Q: 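Just dropping this structure here.
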Amino acid sequence: MDVSDLIDPLNTAQREAVTSPLGHALVLAGAGSGKTRVLTHRAAWLVRVEGATPYNLLAVTFTNKAAAEMRGRIEQLLGVSGSGMWVGTFHGLSHRLLRLHWQEAGLPQSFQILDSEDQRRLVKRVMRDLEVDDNRWPVRQIQGFINARKDAGERPDDLDGNDPYTGQMTQVYAAYESACRNSGVVDFAELMLRTVEVLQNHLELLGHYRRRFRHVLVDEFQDTNGIQYQWLKLLAGPEADVFIVGDDDQSIYGWRGARVENLQRFRSDYANTQVLRLEQNYRSTATILEAANTLIAKNSDRLGKKLWTEDEQGEPIALYAAFNEQDEARFVIERLMAWVEEQELARSDIAILYRSNAQSRTFEEALLSRRIPYRVYGGLRFFERAEIKDALSYLRLINNRDDSAALERVINTPTRGIGNRTIEAIRIAARDQNVSLWVAAKGLVENRGGLSARAINSLGAFLGLIDRLAAETVEMDLADQMETMIDRSGLRAHVGKDRSERAQDKLENLDELITAARNFEQDAVIEEGMDTLTAFLSHAALEAGEGQAGAWEDCVQLMTLHSAKGLEFPVVFLVGLEEGLFPHRMSVEEPGRLEEERRLAYVGVTRARQRLVITYAERRRLHGRDEFGIASRFIRELPPELVDEVRARFSVTGPGIAAGMGQDKADSSVSEAGFDLGARVQHSRFGEGVVLGCEGNGPNARIQVNFDAVGSKWLVAAYANLERV
DNA sequence: AATCCCTTTATTTTT
DNA sequence: TAAAGGGATT
């Protein structure tokens, strides 16, 4: 049997992991050590050498993107495609299981999935019903509580609500649950919890899956939470071999319930776990790697791992202390422009990484003004847009009239004379009779009870419209159904009336949705027992799509450190390394959270392949006021000999006097040798220009001047003989 | 139903 | 600062 294609591309440690004897294995895989390759090759190895079939595999990850990549690579190695392999995200696989066993799970056959926004709205509505003051009890906080409880596997009955806080939270939790039940909807956490419960309560199902899944593989294990761990433990029965890959140093989601301890716990729960380490890094230069190692060594409680590379030393890490955030952006962009030109780098080879989203703005403005294409990751995703969710809500109602979350969303969108009072009356009726909003509304119309004739009319018209459209579109294919709903509900006209410049975008989004439906119908493999509409709605909730179109253009990449995990770039700018910003002020108090920030810095550093530039601003406009920043402790924790400081202040009188920029003239001081950034200067040969920046100090200081006539030039300050104009 | 004005708040995010 | 959400106003 020839397995050279599985084995040859691997190094010794990777090979040892891939070919390890059956049994449990924990692979501690450092950044850039080829963990996805190990995982996929292991899966293929199990089938091609150990006699497993794809049917015996369960492979789990966190994101749709990672799952798709994993599936693709495994299928490629096995030479099969479209197999019945269970490869997917925790939520996707749970969803699949619940669709197959909806009866055992106590769900309606066409149950729908609430995304976070739907969930928040529903929690809020429940709170109104219970008359819980949302000033004292912020909705988001309660939503967080509910999800945290579910992630820990706890139902309201499991909670001890003796103290007022837990008592109040639990009351809302319980009411929220019953609202979900009445509507036939589940939230993301519920997908996990309900799956665990079905398996616990139906041993025949559990036995079936345990007999099937002889080999369980899990990626990014450090990101698992309590319920996901339970889920795995259930599905991977005593007969199964479990192969997990993770990196405790890249655990950056503790704040949303991820438990790094699960790595340790796995080792003690699964006897004879073989622990393997992947420490050879194929991504970064020795300099970058050494910096990363030194930084992460400051954390305690590590499982221990030290990355090494055969790569060359590479360039030192550049550090730039900017005057303020604009100067920071200016520096980053000039530097990246120079590299794109000189080294013929693609713009997409360059990433600007920051701690928080708000920091992207300054960079966007600077990039925009120089007409450099860029792409910001994150933000609103396609299926999360308001007009898209409105359209989907009409379909949800067609699918299931009791979906109160959907009804509430569209009952007066577009406005059709059903105001707050009417909706409130429906809610009260629904609550009193413990029925869905749809049933309550129907009752009100039939009994003509308690509402003005006008309200009854409007409401009756709405109910009739939905019923009629449902009947008329039942035979249509999904895309036609979608189009009919968008048009006949009046949504398209409503969206088109939006007299902001966004109306056009929104209309295009609606068309895009119809196209998405058409493509889905053609391409998607639909689970047994699910109709196309249900499948599409689930797909929309589980896979919210990309944030921005236009990804094909060669763009500079802007994203948070969190979203950069798993990616790599030849050039990385790590910006805003100031105390209070990174590490964030909200994380510096507790040692545990500070360590997570440090891991985040580690993730950032290890994204870079060839060049890493770190910047911070000595002054930054934050929440409308000027804040003075000091360099992040993470900068000090890097080995100084690997860091090359690019000096922007070129005062000869010593450090500490920063030349101010534009906005704050009163505060700017100019040293004898120096010029303000932005100052107009005169050169004997090049004429007049504007000072853009400078590097170095003393006699070696170089000044960059953008001359009106000849453009930007670097000049040695000592010889330039610049005169202020 | 739309508009205005006030208050509040400002990490990280996938499913 | 600025954006978003809520309440009151028109």
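Every heavy atom of this structure was used, including side-chain atoms; hydrogens, water molecules and symmetry mates were not. Within every chain, numbering begins at 1; the chains are lettered A, B, ... in the order of the sequence lines, protein sequences first and strands thereafter. Here the structure is a predicted model, which means the values were calculated and not measured.
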Q: Parallel under 30°, tilted from 30 to 60°, perpendicular over 60°: which one fits the rings of A:Tyr253 and A:His562?
A: tilted
Q: Enumerate, atom names and distances included, each donor-acceptor pair closer than 3.5 Å involving a side-chain atom of residues 187-200 of chain A, sequence neighbours excluded.
A:
residue, atom, partner, partner atom, Å
A:Asp187, OD1, A:Lys150, NZ, 3.4
A:Asp187, OD1, A:Ala189, N, 3.1
A:Asp187, OD1, A:Glu190, N, 2.7
A:Asp187, OD2, A:Gln119, NE2, 3.2
A:Asp187, OD2, A:Lys150, NZ, 2.7
A:Asp187, OD2, A:Tyr176, OH, 2.7
A:Glu190, OE1, A:Lys150, NZ, 2.7
A:Glu190, OE1, A:Arg155, NH1, 3.0
A:Glu190, OE2, A:Arg155, NH1, 3.3
A:Glu190, OE2, A:Arg155, NH2, 2.7
A:Glu190, OE2, A:Arg194, NE, 2.8
A:Glu190, OE2, A:Arg194, NH2, 3.2
A:Arg194, NH1, A:Ala105, O, 2.7
A:Thr195, OG1, A:Leu191, O, 2.5
A:Glu197, OE1, A:Arg155, NH2, 2.9
A:Glu197, OE2, A:Arg155, NE, 2.9

Q: Report yes if the side chains of A:Leu574 and A:Leu561 come closer than 4.5 Å at any heavy-atom pair, otherwise no.
A: yes
Q: Are there over 12 heavy-atom neighbours, none belonging to A:Asp134, within less than 6.0 Å of that residue's CG?
A: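 Counting other residues, nucleotides and ligands, CG of A:Asp134 exceeds 12 neighbours.
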Q: Indicate yes or no: at least one non-hydrogen side-chain atom of A:Ser587 is less than 4.5 angstrom from one of A:Glu596.
A: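 Side-chain contact under 4.5 Å: no.
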Q: Classify the nucleic acid contact of A:Lys124 as base, sugar-phosphate or nothing, counting any heavy atom under 4.0 Å across all strands shown.
A: sugar-phosphate
Q: Below 6.0 angstrom between ring centroids: does that apply to A:Phe145 and A:Trp137?
A: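 No.
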Q: Using atom C1' of each nucleotide, how far apart are C:dA2 and B:dT13 to the nearest Å?
A: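 So the two C1' atoms sit 23 Å from each other.
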Q: Using the C1' atom on both, measure C:dG5 against B:dT12 and round to a whole Å.
A: 22 Å
Q: Looking across every strand, which nucleic acid part, if any, lies under 4.0 Å from A:Gly580 by heavy atom: base, sugar-phosphate, or nothing?
A: nothing
Q: Counting the benzene-type ring for Trp, do A:Phe90 and A:Trp231 have ring centres under 6.0 Å apart?
A: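 Centroid distance A:Phe90-A:Trp231: below 6.0 Å, so yes.
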Q: Could you check whether the rings of A:Phe213 and A:Tyr209 sit parallel, tilted or perpendicular, using 30° and 60° as the cut-offs?
A: parallel
Q: With rounding to the closest Å, how many angstrom separate the P atoms on B:dT11 and C:dA4?
A: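 Between the two P atoms, the distance is 14 Å.
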Q: Give the B/S/- string for nucleotides 5-15 of chain B, one per nucleotide from 5' to 3', where a protein heavy atom under 4.0 Å of the base yields B, of only the sugar-phosphate yields S, and otherwise -.
A: -----BBBBBB
Q: Hey, where on DNA chain C does chain A first and last touch, going 5' to 3'? Cut-off is any atom under 4.0 Å from a heavy atom.
A: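 From 5' to 3', the first and last contacting nucleotides are C:dT1 to C:dG6.
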Q: Considering every strand and a 4.0 Å limit on heavy-atom distances, what is the contact class for A:Asn135: base, sugar-phosphate, or nothing?
A: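 Result for A:Asn135 = nothing.
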Q: B:dT14 and C:dA3: how far apart are their P atoms, nearest whole angstrom?
A: 22 Å
